[in-house]
Every structure is written in C-alpha cells, then in structure tokens.
Amino acid sequence: MEMATNNSLWVEKYRPTTLDNYIGNEHLKGVMAKNISENDMNNMIFYGPSGTGKTTLAKLLVKNLNCDYLYINSSDERGIETIRDKVSGFASTMSFKPLKVVILDEADFLTIQAQASLRNVIETFSKSTRFILTCNYVERIIDPLQSRCQVLKIVPPSKGEVAKHIFNVLSKENVQHSTDHLKDLINQYYPDVRKMLNVCQMSSKDGELELDKQTLVSSNYVDKVIELLPNKKSFKQIRQVIADSNVNDFEALYKTLYERMDEYTSRPAEAIIIIEEYMYHSNFRIDKEINIAACIAKLLEISGKIVI
C-alpha cells in the first residue's frame, strides 16, 4: 500500500513513490527497475487515458534515480518559448548529479513549433539529459520526436486493482463505505483513478462516504447519446445526458459518433465532415461541453434513418 505524505489532497498523498506501490502495468516494471538500477534511461513517451498513472510513473522514476529533474505541465506552457528558455536552460546548466531529466507532462498540448524545437534540444543534450513526455494521444506527437523516444503505452489497471487501491485509501483515511458505493464509483469513472480519488475525498463527510446518486449516472452515456440521435427533437435530452455524465474529455464520444454513424444517420459523408470539424475545434476550446453540444446540434440536422 502507498505511503501517506503530508499533502492534504488524496491524489498526491497516496501517489505511489516506488514500483512496489505502483498499481498495474506489470509489463513496464521490469524496464523501470532496470533504469533505476543502472541510473540511466532512454528518452520515453508514456501515453494512455487520463488518470491511469502516466505522470505518477514519470515522477516515481525521477524520484528513484540519482538525478536533477525539471517538471513542466505542457497544457499551461505549450509554446516554443518554454522549450527555448526553460528546457534548454535546464539542460545546459551544470549539475552535481550524473543525470538530468525533463518531464513534459501533457506533451500533446505542445505546439508543432515547440515539438520541432524540442527535437533539436534532445539531440544537443543527449549526453547528460533525458526526456519523459506524457500524453493522452500519442498521434499528436510529431514522428521525429516519437522516433527519438521509447514509446510506452500505459494500460489502465483492472477494475479489481482499482477497487483494492480505493479501498486501501478509504481505510487509511478511516472512511466507512458500502460495497455498492465503491462499485458505482468505479463503474462511473473507470479507468480514471485520479477522478475516483477526488470524488471520494469530496464525498467523505464525518468519516463516511456519501456519494450523490444524482451525479453517479451510468457510465454508458455514449450509448445513450447514440440511442437518442435518430430523433431530431432529442437535443435537450442529449444535452442533459452529456451534462449528467460529468465528463470533460469527449474524445471517446467523437470516436463513437464516427464508428457508429450508421445507427443514427443515412448521410455518413456529411456526418464525417461535421465530426472532424468539431473534433479539431475541441483542441482549442476551453469549454469542451459547448463544442460537443454544437456538434450534436449539427448532427441532428442530418439524423434519422431511411427505412427500406
């Protein structure tokens, strides 16, 4: 079980600090153990769904290496200036430790220009500095960067492993809970462990877990959207389903809208154009729920099946 720290946020308080405490991804632990024992590593890209341990693994690695490290959240600092100033500045300075590591968290938010500049920095400082990039979507990382890194997929831990982890955290915090509450929580937010812990902390009152059933809707909200789409007058219902889902990343919904378009429209070519347009715009929208609502409104204009 994870060692507790003094951090008040459970996500940080119970973030694993050793490979023994890291849940899931057994196939990667051997590679990471070798890196730690040799105090060296390749440049790496960790990719996979939100909340499944990419950042945790990166931080765990640098904490167990004899190294200086720089952490940058690329969703906040995504421009070429960050690479030129912060990353290059850190990589070029002298260090009393044998290794320096740069963690670029959420690197898929880096601009194309920033990624191109990073490619040269990786080559220039290859003797002393290693890079770990984390991202949800590896296809948003340019090929020249991928070719310079070991690309590793972070697979979500099983629901059983997640349940054990959440149970251990609640026990450590002396929070009473029912099996049904734990099951509902995991079914709703799997595989996002970070979200589960945040909800648990927010919903713990007087030593008891009190989940709001109104917010814990079924995790199959995507299926509900597809089911409602053939009805041109269903916009209000779909909007409510999306709002109740508590989801803030609609990549899975866009993908399903594309894969299952035959279930709600007889005009697939137009549907593809609409989905592609709004998927693109979602990368630049602060409120992604408004963007997906606009996409649904457009799709409803061409929805309905032709019965032969």
Side-chain angles (χ1 to χ4, degrees), residues 47-52 73-76 78-79 106-112 135-141 156 184-192 194-196 198-199 202 211-308:
Y47 76 96
S50 298
T52 53
N73 189 319
S74 303
S75 64
D76 297 325
R78 58 196 301 266
E106 301 186 72
D108 41 355
F109 281 94
L110 287 172
T111 64
I112 298 299
C135 61
N136 292 345
Y137 309 105
V138 71
E139 60 271 16
R140 294 180 183 172
I141 305 297
D184 290 341
L185 180 80
I186 293 170
N187 285 337
Q188 170 65 28
Y189 297 113
Y190 182 81
D192 194 336
R194 178 174 56 234
K195 181 70 172 179
M196 294 179 207
N198 285 333
V199 170
M202 181 181 66
L211 295 175
D212 185 356
K213 286 288 186 178
Q214 296 301 315
T215 60
L216 282 179
V217 298
S218 174
S219 59
N220 66 346
Y221 90 98
V222 173
D223 294 329
K224 291 184 178 180
V225 171
I226 300 297
E227 181 182 330
L228 290 167
L229 265 174
N231 180 358
K232 290 181 178 292
K233 297 182 180 180
S234 64
F235 178 75
K236 186 175 181 180
Q237 291 174 272
I238 295 175
R239 184 181 170 194
Q240 191 62 52
V241 168
I242 291 173
D244 290 343
S245 72
N246 295 316
V247 172
N248 53 23
D249 184 347
F250 299 101
E251 195 78 20
L253 179 53
Y254 285 116
K255 185 175 181 180
T256 305
L257 288 170
Y258 170 74
E259 292 174 344
R260 297 172 59 181
M261 64 180 65
D262 289 340
E263 297 180 33
Y264 63 83
T265 184
S266 298
R267 298 155 67 178
E270 294 175 65
I272 290 173
I273 293 171
I274 292 169
I275 295 166
E276 189 279 333
E277 177 185 356
Y278 284 93
M279 277 191 75
Y280 173 78
H281 286 300
S282 70
N283 294 318
F284 309 100
R285 298 290 184 260
I286 295 176
D287 193 328
K288 297 183 184 298
E289 187 174 329
I290 294 176
N291 194 71
I292 189 64
C295 179
I296 294 297
K298 278 286 187 182
L299 289 174
L300 284 171
E301 294 178 6
I302 61 167
S303 70
K305 297 289 292 177
I306 297 175
V307 180
I308 300 176

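More than 12 heavy atoms of other residues, nucleotides or ligands lie within 6.0 Å of CZ in R260, so this atom counts as buried by the packing criterion. Counted within 6.0 Å of NZ on K298, heavy atoms from surrounding residues, nucleotides or ligands total 12 or fewer; the atom is thus considered open. The local environment of CZ in F284 is crowded, with over 12 non-hydrogen atoms from other residues, nucleotides or ligands closer than 6.0 Å.
With sequence neighbours left out, the side-chain hydrogen bond (donor to acceptor under 3.5 Å, both in side chains) criterion links E251 to R140. Contacts of Y137 classified as side-chain hydrogen bond (donor to acceptor under 3.5 Å, both in side chains), with partners at least two apart in sequence or in another chain: D249.
Remark: I275 CD1 to Y258 OH distance equals 9.0 Å, nearest 0.5 Å. Rounding to the nearest 0.5 Å places CD1 of I238 at 10.0 Å from CD of E227. With rounding to the nearest 0.5 Å, the separation of CD1 in I274 from CG in L299 is 5.0 Å. Rounded to the nearest 0.5 Å, atoms CD1 (I296) and CG (L253) are 5.5 Å apart. Atoms CG and OG1, from L257 and T265 in turn, are 11.0 Å apart once rounded to the nearest 0.5 Å. Separation of atoms OH (Y264) and CG (N231) is listed at 15.0 Å; rounding is to 0.5 Å.
Listed for the D108 side chain is no donor-acceptor partner under 3.5 Å among the backbone atoms of C135. Not one N or O on the side chain of S75 forms a donor-acceptor pair closer than 3.5 Å with the backbone of E106. S303 contributes a side-chain N or O that, together with a main-chain N or O of L229, makes up a donor-acceptor pair within less than 3.5 Å. A donor-acceptor pair under 3.5 Å is formed between the side chain of N291 and the backbone N or O of Y278.
Contact of the N136 side chain with the S50 side chain is registered, since non-hydrogen atoms from C-beta on lie closer than 4.5 Å. Considering only heavy atoms from C-beta on, Y254 comes within 4.5 Å of S282 through its side chain.
Residue pairs meeting the salt bridge (charged side-chain N to carboxylate O under 4.0 Å, His left out) criterion with at least one member in residues 265-285, sequence neighbours excluded, are R267-E270.
Here the shortest heavy-atom pairing between P191 and M196 reads C-CE, 4.4 Å. Closest approach of L228 to S234, counting heavy atoms only: O-OG, 2.8 Å. The minimum heavy-atom distance between K232 and L300, with the atom names listed, is NZ-O, 3.4 Å. Minimum heavy-atom separation, Y189 to K195: CD2-CG, 3.4 Å. Considering all non-hydrogen atoms of both residues, A293 and F235 come closest at O-CE1, 3.4 Å.
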Legend entry - D244/Q240 under side-chain contact (heavy atoms from CB on, under 4.5 Å): CA gap, chis, key distance, verdict: CA-CA 6 Å; D244 290 343; Q240 191 62 52; 3.0 Å; yes

